[in-house]
Every structure is written in C-alpha cells, then in structure tokens.
Amino acid sequence: MKKLFVSALSMIAFISTAMAQNATITVHPQDGKEIIPKEIYGQFAEHLGRCIYGGLWVGKDSKIPNVEGYRKDVFEAIKALEVPVMRWPGGCFADEYHWMDGIGDLSERPRMVNTNWGGTVEDNSFGTHEFLNLCELLGCEPYVSGNVGSGTMEEMAKWVEYMTSDTNSTMAELRRKNGREKPWKVKFFGVGNESWGCGGNMRPEYYADLFRRYATYARNYGDNKLYRIASGANANDTNWTEVLMKQIGPRKNMAGYSVHYYAVRNWNAKGEAVNFTPQEYYETLSRSLGIEDCIVSHMKIMDKYDPEKRVGLLVDEWGTWWEVEKGTNPGWLYQQCTMRDAVVASSSLDIFHKYTDRVKMANIAQVVNVLQSMILTNEKNPEDGIVLTPTYHIFNMYKVHKEATFLPSTIVCDSVRVNEKEIVPTISTTASKDKNGIFHISVTNMNMEKAQEVTVALEGVKVKTVSGTILTSEKVADYNDFSHPATIAPQPFKDCKVKKDVITLKVPKHSVVTLEVKAS
C-alpha cells in the first residue's frame with residue numbers, strides 16, 4: 001500500500017509510506033463557494049428491458065396497485081428519493097423514437113420493434129403524456145431526448161411545440177384533443193443522443209452542423225425556455241469536445257454538453273455483477289474513479305472556448321455495466337446491484353460535487369430494472385414487492401447534499417495498487433453545508449478487506465452534536481433480492497466520538513457513512 005494525499009480541488013499526488021490503517025479528513029468550510037446542483041442526482045428511464053413496462057408503468061387496468069398507471073410501490077420509492085430530473089426516452093432508443101406514435105388513444109398507437117434492445121415489440125402505451133405527467137406527479141424536471149438520428153427537424157420542432165405551446169396552433173390543439181389543456185414545462189431538451197454511435201455514427205463536424213440546425217427550430221414558446229443539450233463525447237473522446245466547442249460553443253443555442261461514462265473494465269468481458277475477485281473489485285473502482293480525469297479533460301477544452309462557463313457539462317449516463325443475470329434477455333441489461341455498486345455510486349457522487357462550477361447534471365443509468373438501477377421488480381412474479389438496491393440507499397443517504405454548499409476537503413489515506421499504472425485510494429469523501437447551517441460529511445471506505453479509523457476535522461467549527469447513517473454488509477458481493485430485500489439497508493451509525501472538535505469514526509470495510517454535524 002501507499003499513503004495517499006488527496007485534495008478535493010486538485011489532482012491526486014502520491015506519497016509513499018509504510019502501510020497504515022488510519023485516515024484523516026480535513027474539511028475547509030471557509031473555502032466553500034459552489035452550490036451542489038440538485039440535478040447531480042438525476043435519473044434516467046429508457047425504453048429498454050423492463051425499465052418502463054413492468055417497472056415504471058403497468059397501466060391503469062393492471063391488477064398491480066398503481067397510481068394512474070404508474071406502479072405504486074415503484075412510484076412511492078422514486079418520490080421518496082426526491083428525484084430532481086429524469087431523462088427519457090433514451091438512450092439509443094431516443095434516435096429511433098417517433099413521438100407521434102406515443103400519443104392519442106392507446107388502442108390506436110402503432111407498434112414498433114425496439115431494434116436496439118432485444119427486439120422487443122414496443123406498443124407505445126407509454127408516451128409523451130405518460131412521461132410528462134409522471135414528472136409532474138413526482139415533482140421533477142423532465143429531460144426529453146429528441147430524435148436526430150432517424151427523425152426530421154420538423155418532427156422535433158413539432159414535438160417541442162406540442163409539449164410547450166399555449167397557442168391555438170395545430171400542435172397545441174392536438175395536445176388538448178389528447179387530454180392536456182395547458183402545456184407542460186419542459187426545460188431540458190437533448191438534441192440527439194450518442195450521435196457518435198447508436199444515434200447515427202456521425203463525425204463531430206457533421207453533428208455540430210446538425211445541432212445548430214435542429215436546435216434553431218426547437219423554439220421557446222411563451223415563458224418556457226429550453227436548455228438545449230448537445231450530444232457530447234463518449235468517455236474520454238476529447239476530439240469530439242474540441243470540435244463541438246469550436247463549432248457551436250455557447251453562441252449557437254448550446255446550453256449543455258453531455259458526456260457518457262461507464263465503469264466497465266473490458267467491454268468484451270464486462271464481468272458478473274455478483275461473482276467477482278478482489279482484483280476485479282479494485283479494477284472496477286479504478287475505472288469508476290477515472291470519471292474524474294474524464295471530467296477534467298473535457299473541462300479544460302470547454303474552458304478554452306467558454307471561460308465564462310456558460311455551457312454546462314452533463315454526465316447524463318454513468319454507472320456500472322455487468323453481464324446480464326443468467327436466464328434473462330441479453331438485450332434487457334438486467335443486473336443485480338451489490339455493495340460494490342454502492343461504493344461506485346458514492347465515490348462517483350463525491351467526484352461530481354467537486355466540479356459543479358461546470359458539472360450541472362448527472363443521470364445514473366437507469367432507474368428501474370436496467371444496469372445500476374435504484375429499484376428491481378420481479379419479472380416472473382410481477383405482483384411481488386420491489387427491491388431497493390444498495391445504490392438506491394446511497395442516493396437516499398446523499399440527498400442531504402443537494403443544493404447545499406460544497407466544502408472542499410483534504411484526505412490522507414492508504415491506497416491499493418491495482419497494477420503497475422493504477423492506484424486506488426481507500427477513502428472517498430464529500431462535505432457540504434446546508435441552508436440551515438448543518439454540515440453533512442459522507443465517508444466511503446473503499447478497502448474491501450479492512451476497517452479504517454477516520455478522523456474528521458472541520459476547520460474553525462465548534463462541534464456540538466454528531467449523528468450518522470451507515471450502509472454496510474458483511475461481504476462486498478452481498479445484495480438485496482426478493483427473498484431477502486433488506487440484506488443491505490441503512491442503519492444508525494454510532495461508532496463515532498468527538499474530542500476537541502475532532503470527529504473519530506470507525507468505518508467498516510466497503511462501507512459508506514453519512515454524518516450530520518451541528519455546530520455550537
């Protein structure tokens with residue numbers, strides 16, 4: 001092992017020392033400036049596998065308890081997370097989705113083959129109204145991804161008009177005919193998705209011109225102001241960013257720029273969600289922590305063309321991606337979620353908090369039954385209850401950081417050498433101060449073998465009380481299933497003491513703790 005010094009505002013520096021089991025965190029409240037956007041905790045719902053059908057939507061006539069067609073237990077679990085924004089209808093599905101197929105009488109909506117995801121026949125019973133009404137019920141902002149890959153500019157323009165116009169135009173009247181009198185508020189609008197790949201296999205120069213054209217005709221109606229989002233880079237493809245920032249930048253309707261990043265060690269052999277070795281565990285963490293280098297590399301280019309930071313960087317797809325569970329449709333991307341996924345989630349959110357002067361949104365993939373999901377439903381016995389995954393619990397524990405002031409921290413901790421080039425720190429952390437003056441500090445012990453004693457000092461703060469919540473499990477491969485839905489669940493954290501305003505806590509292996517600290 002190595003001793004690792006991590007500054008929350010700088011790149012990592014490594015200091016070789018003898019192996020130790022202690023870590024120190026120093027929080028610098030006086031340096032807190034940026035507010036953590038609530039949209040960092042965004043969700044993503046694609047027409048993929050059982051995310052929509054059997055996940056979010058069961059229909060009003062279903063025997064499964066529902067709220068206007070939305071599965072009731074899923075709906076209530078999502079609402080409890082206080083989801084700020086949800087992205088839909090994709091993903092790759094967005095660029096083969098034609099919105100007019102998903103409006104009007106359900107019995108008359110055409111069927112289509114979902115060629116991207118398992119060849120499923122899509123009946124379009126969940127469309128524009130169903131999604132936007134869901135967002136209203138949840139109290140979250142909709143993020144609609146428009147079709148550039150196979151759709152026309154006119155089709156996109158009419159969709160925006162249909163959703164947001166309060167005039168007596170043909171599109172607005174069609175919306176009224178379909179049961180919605182007043183327009184919806186739609187702020188976030190994506191102009192295509194993964195245009196470098198499933199969204200059209202385009203060159204950045206070609207997509208830049210298409211964005212400028214399509215975005216021009218995605219109009220603002222009334223007081224609805226679109227935040228137009230360009231389809232950005234695949235992970236570390238900085239050339240795509242260079243071209244788009246140079247040819248579009250903040251001048252031509254681009255308010256946001258998306259980046260997709262998955263913690264995949266090897267796309268040809270992604271590994272299993274539950275069965276993995278210690279080496280695979282640390283390789284996954286190394287890959288997931290690499291999202292920081294990804295963000296920084298794109299930010300440098302964006303700063304060159306947009307020093308005022310008018311264009312937001314949106315990590316609107318991120319998370320783990322394993323081989324599908326045995327016996328499930330390989331095109332549905334259904335996977336279990338272990339304590340390893342929880343560690344990936346917490347440490348990734350820690351990174352996003354550090355760069356919120358540019359990073360304005362993140363959308364984990366995906367909300368129900370797909371990839372690193374919040375919630376699982378039972379395909380074989382759909383009337384069974386739901387499973388809340390460890391990742392769900394992380395988002396619930398971390399929601400205290402939303403719209404709080406980010407507080408930079410310095411960490412000194414051990415590290416684990418993964419290979420000749422990669423080293424993983426054993427501690428990740430984030431800290432914030434909310435509008436009521438309460439401090440929240442989240443600490444992740446990423447060491448899968450050993451507990452760590454961690455001391456936390458808040459510079460210049462007199463500590464009055466400390467309480468906490470912990471997410472932990474005996475084994476890092478533990479998970480929740482329909483027979484054992486609470487194997488991993490948040491518990492009160494009591495292994496904590498305060499002496500001379502320094503907090504000392506003992507964090508079990510592969511565990512996440514969130515502290516609430518009140519000052520005197």
Side-chain angles (χ1 to χ4, degrees), residues 1-8 10-17 19 23 233-238 259-299 315 317-323 335 337-355 359 362 364-365 371-372 390-391 394 411-430 442-450 452 475-477 507 509-512:
M1 289 190 177
K2 289 185 176 181
K3 203 68 167 182
L4 182 63
F5 171 85
V6 184
S7 167
S10 65
M11 298 298 290
I12 294 173
F14 299 103
I15 306 174
S16 297
T17 68
M19 182 175 66
N234 177 20
N236 300 85
D237 182 0
T238 53
V259 169
H260 293 175
Y261 188 98
Y262 288 97
V264 178
R265 299 179 298 108
N266 183 339
W267 283 100
N268 295 318
K270 292 186 283 291
E272 296 183 25
V274 174
N275 298 310
F276 53 88
T277 66
Q279 179 68 19
E280 289 171 333
Y281 169 82
Y282 286 113
E283 286 176 355
T284 297
L285 288 190
S286 179
R287 174 62 178 170
S288 69
L289 294 174
I291 200 169
E292 182 162 16
D293 288 340
C294 174
I295 288 170
V296 169
S297 65
H298 293 299
M299 283 178 57
V315 189
E317 286 188 31
W318 67 275
T320 57
W321 190 324
W322 313 114
E323 303 294 348
Q335 65 184 46
C337 184
T338 69
M339 197 64 213
R340 173 176 62 168
D341 298 279
V343 170
V344 169
S346 63
S347 55
S348 296
L349 291 168
D350 295 345
I351 291 169
F352 297 151
H353 289 179
K354 293 163 61 174
Y355 299 101
V359 177
I364 191 168
L371 298 178
Q372 193 176 352
T391 298
I394 291 297
I411 312 168
V412 178
C413 66
D414 293 339
S415 62
V416 175
R417 178 164 291 283
V418 182
N419 53 45
E420 290 183 0
K421 296 182 179 180
E422 297 174 283
I423 299 175
V424 170
T426 57
I427 291 290
S428 179
T429 192
T430 195
S442 295
V443 179
T444 300
N445 180 2
M446 298 193 290
N447 192 318
M448 68 170 287
E449 299 170 331
K450 297 177 181 178
Q452 296 194 71
K475 298 178 181 178
V476 73
V507 186
K509 58 186 179 181
H510 51 73
S511 299
V512 183

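Predicted, not measured: the structure shown is a model, and the values here were computed from it.
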**OP:** Considering non-hydrogen atoms only, spot the tightest contact between A342 and T391 and give its length.
**Re:** N-OG1, 4.2 Å

Original post:
Which atom pair, heavy atoms only, marks the closest approach of V344 to Q372?
Top reply: CG1-OE1, 4.4 Å

Original post:
With no hydrogens and no angle check, is any side-chain donor or acceptor of Q452 less than 3.5 Å from a backbone partner on V507?
Top reply: no

Subject >> Heavy-atom pair of closest approach, residues K354 and E292 >> reply: NZ-OE2, 2.8 Å

Original post:
Just how far is it from atom OG of S346 to atom CD1 of I351, taken to the nearest 0.5 Å?
Top reply: 10.0 Å

Original post:
Is D293 close to V296 at the side-chain level, that is, under 4.5 Å between some pair of heavy atoms?
Top reply: no

Original post:
With a 4.5 Å limit on heavy-atom distance, are the side chains of V259 and C294 in contact?
Top reply: yes

Original post:
Which value, rounded to the nearest 0.5 Å, describes the distance between R340 atom CZ and E280 atom CD?
Top reply: 7.0 Å

Original post:
At what distance, to the nearest 0.5 angstrom, does CG of L285 lie from OG1 of T444?
Top reply: 10.0 Å

Subject >> Partner residues of W318 under the ring pair (Phe, Tyr, Trp, His ring centres under 6.0 Å) criterion, sequence neighbours left out >> reply: F352

**OP:** Compare all side-chain heavy atoms of I364 with those of S348 and state whether any distance is below 4.5 angstrom.
**Re:** no

Original post:
How are the rings of Y281 and F276 set to each other: parallel, tilted or perpendicular (split at 30° and 60°)?
Top reply: parallel

Subject >> Minimal non-hydrogen separation, R265 against G271, with atom names >> reply: NH2-CA, 4.2 Å

**OP:** Could you tell me whether the side chain of S347 reaches within less than 4.5 Å of the side chain of L289, counting heavy atoms only?
**Re:** yes

Original post:
How far apart are the C-alpha atoms of Q335 and T320, what are their side-chain angles, what is the distance that settles it, and do they pass the side chain to side chain contact (heavy atoms under 4.5 Å, CB included) test?
Top reply: CA-CA 10 Å; Q335 65 184 46; T320 57; 3.4 Å; yes

**OP:** Supply the atom-to-atom distance N447 CG to S511 OG, rounded to the nearest 0.5 angstrom.
**Re:** 10.5 Å

Subject >> 4.5 Å side-chain heavy-atom contact, L349 and T430 >> reply: no

Subject >> Approximate separation, where rounding is to 0.5 Å, of I291 CD1 and Y355 OH >> reply: 11.0 Å

Subject >> All side chain to side chain donor-acceptor pair (under 3.5 Å) counterparts of N268, not counting sequence neighbours >> reply: none

Original post:
Taking C-beta and beyond as the side chain, do K270 and E323 meet within less than 4.5 Å on heavy atoms?
Top reply: yes

Original post:
Atom OG in S442, atom CG in D350: separation rounded to 0.5 Å?
Top reply: 6.5 Å

**OP:** Please report the closest heavy-atom contact between H298 and A233, naming both atoms and the distance.
**Re:** CE1-CB, 3.6 Å

**OP:** Measure across R287 and A235 and return the closest heavy-atom pair with its distance rounded to 0.1 Å.
**Re:** NH2-CB, 4.4 Å

**OP:** Find out whether M448 and Y282 are in side-chain contact, i.e. whether some heavy atom of one side chain is under 4.5 Å from a heavy atom of the other.
**Re:** yes

